[in-house]
Amino acid sequence: MLGRTGVINTPHGQIKTPAFIAVGTKATVKALTPVQVEQLGAQAVLANAYHLYLQPGSDILDEAGGLGKFMSWEGPTFTDSGGFQVMSLGSGFKKVIDMKSVDQSGPDDAVAPGKERLANVDDDGVWFKSHLDGSKHRFSPEISMNVQHQIGADIMFAFDELTTLQNSRGYQVESLERTRLWAQRCIAEHFALTDSRAGKEYQALFGVIQGAQYEDLRRKACQDLGAMAFDGFGIGGALEKENLGTIVGWCSEELPENKPRHLLGISEPDDIFTAIENGADTFDCVSPTRVARNSAFYTPHGRFNLSGARYKRDFTPLVEDCSCYTCQNFTRAYIHHLHKSKELLSHTLISIHNEHFTVSLVDAARNAIEDGSFFELKAKVMSEYYAGNPDPQGLPA
RNA sequence: GGCAGAUUACCCGAGUGGCCAAAGGGGGCUGACUGUAAAUCAGCUGGCAACGCCUUCACUGGUUCGAAUCCAGUAUCUGCCA
């Protein structure tokens, strides 16, 4: 058991860990007001440097007084570095999943069929083609840090290269070394910027651990970055659901005990428990809100799609005992109707529920660690989540 | 009353002799979504005992080896002239 509880102190308050961080890529948790985000229980919000740099421009956030002030969120904030976009705009995330079983032998920089490559990596940084207007932009460790300092979140991430499962081991090694060098440059730039902004509140920098599914690479990355002056670490990269726990475990064993570990982009209930058990402190994920906009809702018995005709006359809440605003006030039939008639309120109501569900799950795990009932809770959650929905995603085996 | 035109699947709408159970939308149904190019994407959408059969393109009859497509009549609708 590597799971633990703790507290992350930020200029905008504490984060009790384990904690689920709501994703607000473009300085908004999609479809939700900050008041709603707070009331559903989220402790912090994570935005994205690449997106805010393109629109409205990180200088605007700077002028506004920083991310929190700009979006009127008073709690702690994070920014991702734009590293994820190296992959998603580079190889095309959607197609990469499809290609998993198709082509393992192609060139490492292969672009999915029918996709235009919008990012190209070199040792110094990345050329991005804006997904908004096609204009060309340069991101590097230094640029990412400057952008993130302008955005002004409490916790920032180092600029990294996220590889895919299709990349060869050779490429993973090459990429990992690039990410290591970039981490050093991020720290140097971060300190330079921190010095030049004397008097400002302390902002933390997390390094990002890559290394795909390879134990030696993961451990080495942790040792390398763990020795650097980071305030915490993100565990990122291509990982299959089955080895998520194992990989997080390797990282937790190697990384400094006294620094927080954030698992990037994970939120399915089983994954959360696996990750917490293996030492992850915080999480973020787009899933609760994205899936909500496509009408799927989480329940203790699995994830279901509210667009189904079977909910047309279902006058029960999304989840019977749920304490969220949505479940306290609305029925499945009503939200089904909103979704079918394309009313925007469906996005809001389901997002509130899904975020609340995920945040609460992590909160429950935290409490369970404290009173020693973590494994009991995990067993209960896991068995229930799959009982009503034996194979919700074809996983796990 | 006269002249001209229209009628296609749940809706809109292509198709004017065989490659047509019939393009394309919409709607409907199902599924996917894990550091957000995602209010997105994919599949299905006449019936069936289903690699084949049956019933459909307003209705009735006809021409033809073969008709959603051509002809005649009927019905309804739309313009213009009275």
Side-chain angles (χ1 to χ4, degrees), chain A residues 20-31 45-52 54-55 78-98 112 114-119 128-134 155-162 206 208-210 233-241 244 262-272 274-275 280 282-298 303-305 307-312 338-351 354 358 391-395:
Chain A
F20 180 73
I21 314 303
V23 173
T25 300
K26 296 193 273 188
T28 168
V29 179
K30 293 185 192 295
V45 169
L46 180 147
N48 186 284
Y50 165 79
H51 291 269
L52 292 173
L54 285 183
Q55 191 177 49
F78 291 63
T79 42
D80 191 16
S81 61
F84 178 76
Q85 281 64 36
V86 176
M87 187 278 283
S88 68
L89 299 179
S91 324
F93 187 61
K94 201 189 300 175
K95 291 289 174 133
V96 165
I97 290 170
D98 299 342
K115 281 252 165 185
E116 185 196 359
R117 188 181 200 85
L118 296 178
F128 285 108
K129 213 168 168 186
S130 163
H131 66 279
L132 298 173
D133 63 5
I155 296 171
M156 320 188 236
F157 283 97
F159 189 61
D160 63 324
E161 180 185 1
L162 168 50
F206 283 22
V208 180
I209 306 301
Q210 293 291 341
F233 301 90
I235 299 170
L239 36 85
E240 269 165 338
K241 201 177 173 76
L244 183 147
H262 178 93
L263 181 59
L264 288 151
I266 294 297
S267 77
E268 290 301 315
D270 52 335
D271 296 333
I272 282 175
T274 303
T282 53
F283 309 85
D284 71 276
C285 192
V286 304
S287 193
T289 54
R290 178 189 287 169
V291 140
R293 273 172 274 122
N294 302 320
S295 86
F297 63 104
Y298 288 92
R303 195 168 80 189
F304 301 94
N305 199 327
S307 66
R310 59 189 168 279
Y311 296 112
K312 204 167 188 168
L338 292 179
H339 179 257
K340 295 311 264 186
S341 54
K342 295 184 166 45
E343 283 295 336
L344 297 176
L345 187 57
S346 72
H347 301 165
T348 300
L349 295 181
I350 308 175
S351 292
N354 286 352
T358 309
D391 194 19
Q393 295 153 62
L395 290 166

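Values reported hereafter were calculated over all heavy atoms of this structure, with side chains retained and with hydrogens, waters and symmetry mates removed. Convention: sequence-line order gives letters A, B, ...; per-chain numbering from 1.
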Close N/O contacts between protein and nucleotides 28-30 of chain B (under 3.5 Å):
{"residue": "B:C29", "atom": "OP2", "partner": "A:Lys340", "partner atom": "NZ", "Å": "2.5"}
{"residue": "B:U30", "atom": "OP1", "partner": "A:Arg310", "partner atom": "NH1", "Å": "3.4"}
{"residue": "B:U30", "atom": "OP2", "partner": "A:Ala309", "partner atom": "N", "Å": "3.4"}

Practice item. Under 4.0 Å between any heavy atoms, over every strand shown, what does A:Gln210 touch: base, sugar-phosphate, or nothing? Just pick one. Key: base

Review point. A:Tyr50 has an atom OH; how far is it from atom P of B:G35, in whole Å?
Key: 16 Å

Review point. If you find the nucleotide of RNA chain B closest to A:Ser295 and the one closest to A:His51, which residue's nucleotide is nearer the 5' end?
Key: A:Ser295

Check your understanding: Quick one: are A:Ser287 and A:Glu268 in side-chain contact, heavy atoms under 4.5 Å?
Key -> yes

Revision key, fill the gap. Of B:A37, B:G35, B:A32, the nucleotide closest to the side chain of A:Asn305 is B:A32

Review point. Donor-acceptor pair, A:Ser81 side chain versus A:Ala158 backbone, under 3.5 Å?
Key: yes

Exercise for review: Pick base, sugar-phosphate or nothing for A:Ala292, based on heavy-atom distances below 4.0 Å to the nucleic acid.
Suggested key: nothing

Review point. For atom C1', what is the distance between B:C57 and B:A21, given to the nearest Å?
Key: 11 Å

**Study point:** B:A22 to B:U45 separation - P atoms, rounded to the nearest Å
**Key:** 10 Å

Check your understanding: Is B:A37 syn or is it anti, if syn means the base angle is within 90 degrees of 0?
Key -> syn

Review point. Expressed as a whole number of Å, how far does the C1' atom of B:A23 sit from that of B:U8?
Key: 12 Å

Check your understanding: Atom CG in A:Leu338, atom CD1 in A:Ile350: separation rounded to 0.5 Å?
Key -> 8.5 Å

Check your understanding: Is there a donor and acceptor pair closer than 3.5 Å between the side chain of A:Lys241 and the base of B:U34?
Key -> yes

Study note, to complete from the structure: Taking a pair to mean Watson-Crick or G-U wobble geometry with both distances below 3.5 Å, B:G79 pairs with B:C3

Practice item. Determine whether A:Ile272 and A:Thr358 make a side-chain contact, defined as any pair of heavy atoms from C-beta on separated by less than 4.5 Å. Key: yes

Exercise for review: Could you check if a side-chain atom of A:Asp271 sits within less than 4.5 angstrom of a side-chain atom of A:Leu263, using non-hydrogen atoms only?
Suggested key: no

Review point. Which value, in whole Å, describes the distance between the P atoms of nucleotides B:A4 and B:C71?
Key: 14 Å

Review point. Looking only at side-chain N and O atoms, does A:Gln85 come under 4.0 Å of OP1 or OP2 in B:G35?
Key: no

Check your understanding: Who are the ring pair (Phe, Tyr, Trp, His ring centres under 6.0 Å) partners of A:His51, not counting sequence neighbours?
Key -> A:His131

Exercise for review: Taking ring pair (Phe, Tyr, Trp, His ring centres under 6.0 Å) as the test, write out the residues that go with A:His262, two or more places apart.
Suggested key: A:Phe78, A:Phe157

Review point. Which part of the nucleic acid, if any, lies within contact of A:Leu132, taking any heavy atom under 4.0 Å across all strands shown: a base, the sugar-phosphate backbone alone, or nothing?
Key: nothing

Revision key, fill the gap. In whole angstroms, the gap separating C1' of B:A37 from CG of A:Asn48 amounts to 12 Å

Practice item. With sequence neighbours excluded, tell me which residues meet side-chain hydrogen bond (donor to acceptor under 3.5 Å, both in side chains) with A:Asn354. Key: none

Review point. What is the distance from CG of A:Asn354 to C1' of B:C33, rounded to the nearest Å?
Key: 12 Å

**Study point:** Whole-Å P distance, B:C65 and B:C53
**Key:** 23 Å

Practice item. Report the distance from atom CD of A:Glu161 to atom P of B:G35, rounded to the nearest whole Å. Key: 18 Å

**Study point:** Which nucleotide in B:G31, B:A37, B:A39 has an atom nearest any side-chain atom of A:Asn294
**Key:** B:A39

Check your understanding: Taking atom C1' of B:U36 as reference, at what distance in whole Å does atom CG of A:Leu52 sit?
Key -> 12 Å

Review point. Is a donor on one side and an acceptor on the other found under 3.5 Å between the side chain of A:Thr79 and the backbone of A:Ala47?
Key: no

**Study point:** A:Ser287 side-chain N/O to B:U34 phosphate OP1/OP2 under 4.0 Å
**Key:** no

Check your understanding: With sugar-phosphate meaning primed atoms plus P, OP1 and OP2, does A:Asp133 contact a base, only sugar-phosphate, or nothing at under 4.0 Å between heavy atoms?
Key -> nothing

Check your understanding: If you look at every strand shown and take non-hydrogen atoms under 4.0 Å, does A:Leu46 touch a base, only sugar-phosphate, or nothing?
Key -> sugar-phosphate

Review point. Quantified in whole Å, what is the C1' atom distance between nucleotide B:G28 and nucleotide B:A67?
Key: 32 Å

Revision key, fill the gap. Its glycosidic angle compared against 90° from 0, B:C11 adopts the form anti

Check your understanding: What residues form a ring pair (Phe, Tyr, Trp, His ring centres under 6.0 Å) with A:Phe297, not counting sequence neighbours?
Key -> A:Tyr311

**Study point:** Gap in Å between the two P atoms, one belonging to B:G1 and one to B:A68, rounded
**Key:** 35 Å

Practice item. Whole angstrom is fine here: how far is it from CZ in A:Phe84 over to P in B:C33? Key: 14 Å

Revision key, fill the gap. Taking a pair to mean Watson-Crick or G-U wobble geometry with both distances below 3.5 Å, B:G24 pairs with B:C12

**Study point:** Base-pairing assignment for B:C65 (Watson-Crick or G-U wobble, both under 3.5 Å)
**Key:** B:G18

Check your understanding: What integer distance in Å separates A:Arg303:CZ from B:A32:P?
Key -> 7 Å

Practice item. Using side-chain contact (heavy atoms from CB on, under 4.5 Å) as the criterion, list what pairs up with A:Leu162, not counting sequence neighbours. Key: A:Phe84, A:Met87, A:Gln210

Point to revise | Atom C1', compared across B:A37 and B:A49: separation rounded to whole Å | key: 48 Å

Exercise for review: Please determine, for B:A58, whether a Watson-Crick or G-U wobble partner exists with both distances under 3.5 Å, and give it or none.
Suggested key: B:U74

Revision key, fill the gap. Per atom distances to the A:Asp271 side chain, the nearest of B:U36, B:U34, B:A32 is B:U34

Check your understanding: Between B:G35 atom C1' and A:Lys26 atom NZ, what is the distance in whole Å?
Key -> 16 Å

Check your understanding: Does a distance-only test, which skips hydrogens and angles, find a donor-acceptor pair under 3.5 Å between the side chain of A:Arg293 and the base of B:U36?
Key -> yes

Check your understanding: With both distances kept under 3.5 Å, what pairs with B:A49, Watson-Crick or G-U wobble?
Key -> none

Check your understanding: Reckon A:Arg290 has a side-chain N or O less than 4.0 Å from the OP1 or OP2 of B:U40?
Key -> no

Review point. Between B:U36, B:G35, B:A37, which nucleotide has the shortest distance from any of its atoms to the side chain of A:Asp284?
Key: B:G35

**Study point:** Base-pairing assignment for B:U34 (Watson-Crick or G-U wobble, both under 3.5 Å)
**Key:** none

